[in-house]
Visitor: 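One structure coming up, written as structure tokens, with questions to follow.
Values in this document were obtained by computation on a predicted structure and should not be read as measured data.
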Amino acid sequence: MPSNDVDDAEQSRRARPRRDRRQALIDAAIELISEGASADISAAAISRRAGVAHGLLFYYFTDKQGLVEAALADVLGRLADAQGPQPEEQTVRTRLEGFVRRHIEFLRDHRALYLRVVREEEFGEAGVESALRQARAEGERQVAALAELPDPLPPLVVAAISGWTGFLDRTAEAFFDTPDIELDALVALIVDAFEAVVESATRRSE
């Protein structure tokens, strides 16, 4: 006859609030992807890492791809929060430098995830691509607000900022791959490029 005793781990899983179980699955997916696990990581492996019942993954996310998309959205939301200005950043220049520095530091701290999802497009489904587009658009809105640019922006300025965000990410990649580049110098370069491209686009829009 099976025992009615439930071990401590099972009790903990049952006691965990519903939102915590969903977040645990997201955190587990992020961890496994960041550790370099195969794109074919199983739902069972994610569930084991999260410490929740296997079936809950499908309850919350429909399928594994839905979980990957939710995990990416979670990370991108953290990036948007990290890029926000700090109280000591009182000028446009220092706010822009802080934005760029924290963006690069965040990509560095989530390097494996960035490489596999963004650069290598290993999970390149429509939902992932949509999340990345939305994150880039949010970053562009953030930097425009930090620079105190008028709203709405002229179309040429919008295009300039969009191109600059690509420059930001590619320059960050060069930083990760080139040990001799100093972060302070890189941040100054990227902000110089932002100011130059926005100034040029604004002048040409008048």
Visitor: How long is the span from the CG atom in Leu57 to the CZ atom in Arg21, to the nearest 0.5 Å?
Guide: 13.0 Å
Visitor: Just to verify, what does Phe61 make a ring pair (Phe, Tyr, Trp, His ring centres under 6.0 Å) with, not counting sequence neighbours?
Guide: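 Residues passing ring pair (Phe, Tyr, Trp, His ring centres under 6.0 Å) with Phe61: none at all.
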Visitor: Taking all heavy atoms of Phe176 and all of Ile104, pick out the closest pair and write down the distance.
Guide: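 Between these two residues, the closest heavy atoms are CZ-O, 3.6 Å.
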Visitor: Given Thr91 and Arg95, is the side-chain contact (heavy atoms from CB on, under 4.5 Å) satisfied, shown in steps?
Guide: CA-CA 6 Å; Thr91 67; Arg95 288 195 294 271; 5.7 Å; no
Visitor: Would you check, one step at a time, whether the test salt bridge (charged side-chain N to carboxylate O under 4.0 Å, His left out) holds for Glu199 with Arg203?
Guide: CA-CA 6 Å; Glu199 191 278 330; Arg203 186 177 66 253; 2.7 Å; yes
Visitor: Show me the side-chain donor-acceptor pairs of residues 48-55 shorter than 3.5 Å, one per line, residues at least two apart or across chains.
Guide:
| residue | atom | partner | partner atom | Å |
| --- | --- | --- | --- | --- |
| Arg49 | NH1 | Glu31 | OE1 | 3.0 |
| Arg49 | NH1 | Glu35 | OE2 | 3.0 |
| Arg49 | NH2 | Glu35 | OE1 | 3.1 |

Visitor: Between Gln90 and Pro87 (side chain of the first, backbone of the second, donor and acceptor by atom type, cut-off under 3.5 Å), is there such a pair?
Guide: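 Yes; at least one donor-acceptor contact below 3.5 Å.
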Visitor: Which atoms form the tightest heavy-atom contact between Ala29 and Ile46, and what is the distance?
Guide: N-CG2, 4.1 Å
Visitor: Which atom pair, heavy atoms only, marks the closest approach of Leu149 to Phe194?
Guide: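 Answer, listing the atom of Leu149 first, then Phe194: CD1-CZ, 4.3 Å.
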Visitor: Of all the heavy-atom pairs spanning Ala201 and Ser205, show the shortest one and how long it is.
Guide: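 The pair with the smallest heavy-atom distance is O-OG, 2.7 Å.
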Visitor: Taking the basic N atoms (NZ, or NE/NH1/NH2) and the acidic carboxylate oxygens, is any pair closer than 4.0 Å for Arg78 and Asp27?
Guide: yes
Visitor: Could you state the interatomic distance from CD1 (Ile30) to CG (Leu25), rounded to the nearest 0.5 Å?
Guide: 11.0 Å
Visitor: With hydrophobic residues grouped by side-chain heavy-atom distances under 4.5 Å, do Ile161 and Leu156 end up in a single group?
Guide: no
Visitor: Heavy-atom distance under 4.5 Å between the side chains of Val75 and Phe106, does that happen here?
Guide: yes
Visitor: Taking only residues two or more places apart in sequence, or in another chain, which ones meet Phe175 in a ring pair (Phe, Tyr, Trp, His ring centres under 6.0 Å)?
Guide: none
Visitor: Between Arg141 and Glu138, does any side-chain N to carboxylate O distance fall below 4.0 Å?
Guide: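 The answer is yes: the pair qualifies as a salt bridge.
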Visitor: Calculate, to the nearest 0.5 Å, the distance between atoms CG and NE2 belonging to Leu76 and His110 respectively.
Guide: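 Leu76 CG to His110 NE2: 10.0 Å, rounded to 0.5 Å.
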Visitor: With no hydrogens and no angle check, is any side-chain donor or acceptor of Thr62 less than 3.5 Å from a backbone partner on Phe58?
Guide: no
Visitor: Under 6.0 Å from the CZ atom of Arg108, do we count more than 12 heavy atoms belonging to anything else shown?
Guide: yes
Visitor: For Asp169 and Leu107, run side-chain contact (heavy atoms from CB on, under 4.5 Å): C-alpha distance rounded to whole Å, both residues' side-chain angles, the deciding distance at 0.1 Å, then the answer.
Guide: CA-CA 9 Å; Asp169 284 340; Leu107 295 186; 3.7 Å; yes
Visitor: Please list all pairs passing the side chain to side chain donor-acceptor pair (under 3.5 Å) test where one or both residues lie in residues 152-161, with sequence neighbours left out.
Guide: none
Visitor: Do Pro85 and Leu146 come close enough that some side-chain heavy atom pair is under 4.5 Å?
Guide: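 Yes, at least one pair of side-chain atoms sits under 4.5 Å.
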Visitor: Using the salt bridge (charged side-chain N to carboxylate O under 4.0 Å, His left out) criterion, which residues pair with Asp63? Sequence neighbours excluded.
Guide: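 Per chain and number, Asp63 pairs via salt bridge (charged side-chain N to carboxylate O under 4.0 Å, His left out) with no residue.
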Visitor: To the closest 0.5 Å, what do you measure between CZ (Arg102) and CD (Glu97)?
Guide: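 Atom-to-atom, Arg102:CZ and Glu97:CD are 10.5 Å apart.
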Visitor: Check Phe99 against Gly139 and note the closest heavy-atom contact, atom names and distance.
Guide: CZ-O, 3.8 Å
Visitor: Considering only heavy atoms from C-beta outward, does the side chain of Val143 approach that of Trp164 to under 4.5 Å?
Guide: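 SC-SC contact between Val143 and Trp164 confirmed.
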Visitor: So which atom in Thr165 and which in Ser162 form the shortest heavy-atom distance, rounded to 0.1 Å?
Guide: OG1-O, 2.6 Å
Visitor: Output yes when a side-chain donor or acceptor of Ser200 lies under 3.5 Å from a complementary backbone atom of Ala196, and no otherwise.
Guide: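 Between the backbone of Ala196 and the side chain of Ser200 there is no qualifying donor-acceptor contact (under 3.5 Å).
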Visitor: Passes side-chain contact (heavy atoms from CB on, under 4.5 Å), Gln86 versus Thr94? Steps please.
Guide: CA-CA 9 Å; Gln86 299 300 304; Thr94 57; over 6 Å; no
Visitor: For residues 181-193, tabulate all N or O donor-acceptor pairs below 3.5 Å that involve a side-chain atom, not counting sequence neighbours.
Guide:
| residue | atom | partner | partner atom | Å |
| --- | --- | --- | --- | --- |
| Asp184 | OD1 | Arg101 | NH1 | 3.1 |
| Asp184 | OD1 | Arg101 | NH2 | 2.7 |
| Asp192 | OD1 | Arg93 | NH1 | 2.9 |
| Asp192 | OD1 | Arg93 | NH2 | 3.1 |

Visitor: Could you check whether Arg111 pairs with Glu173 (Lys NZ or Arg NE/NH1/NH2 to Asp/Glu carboxylate O, under 4.0 Å)?
Guide: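 Salt bridge absent between Arg111 and Glu173.
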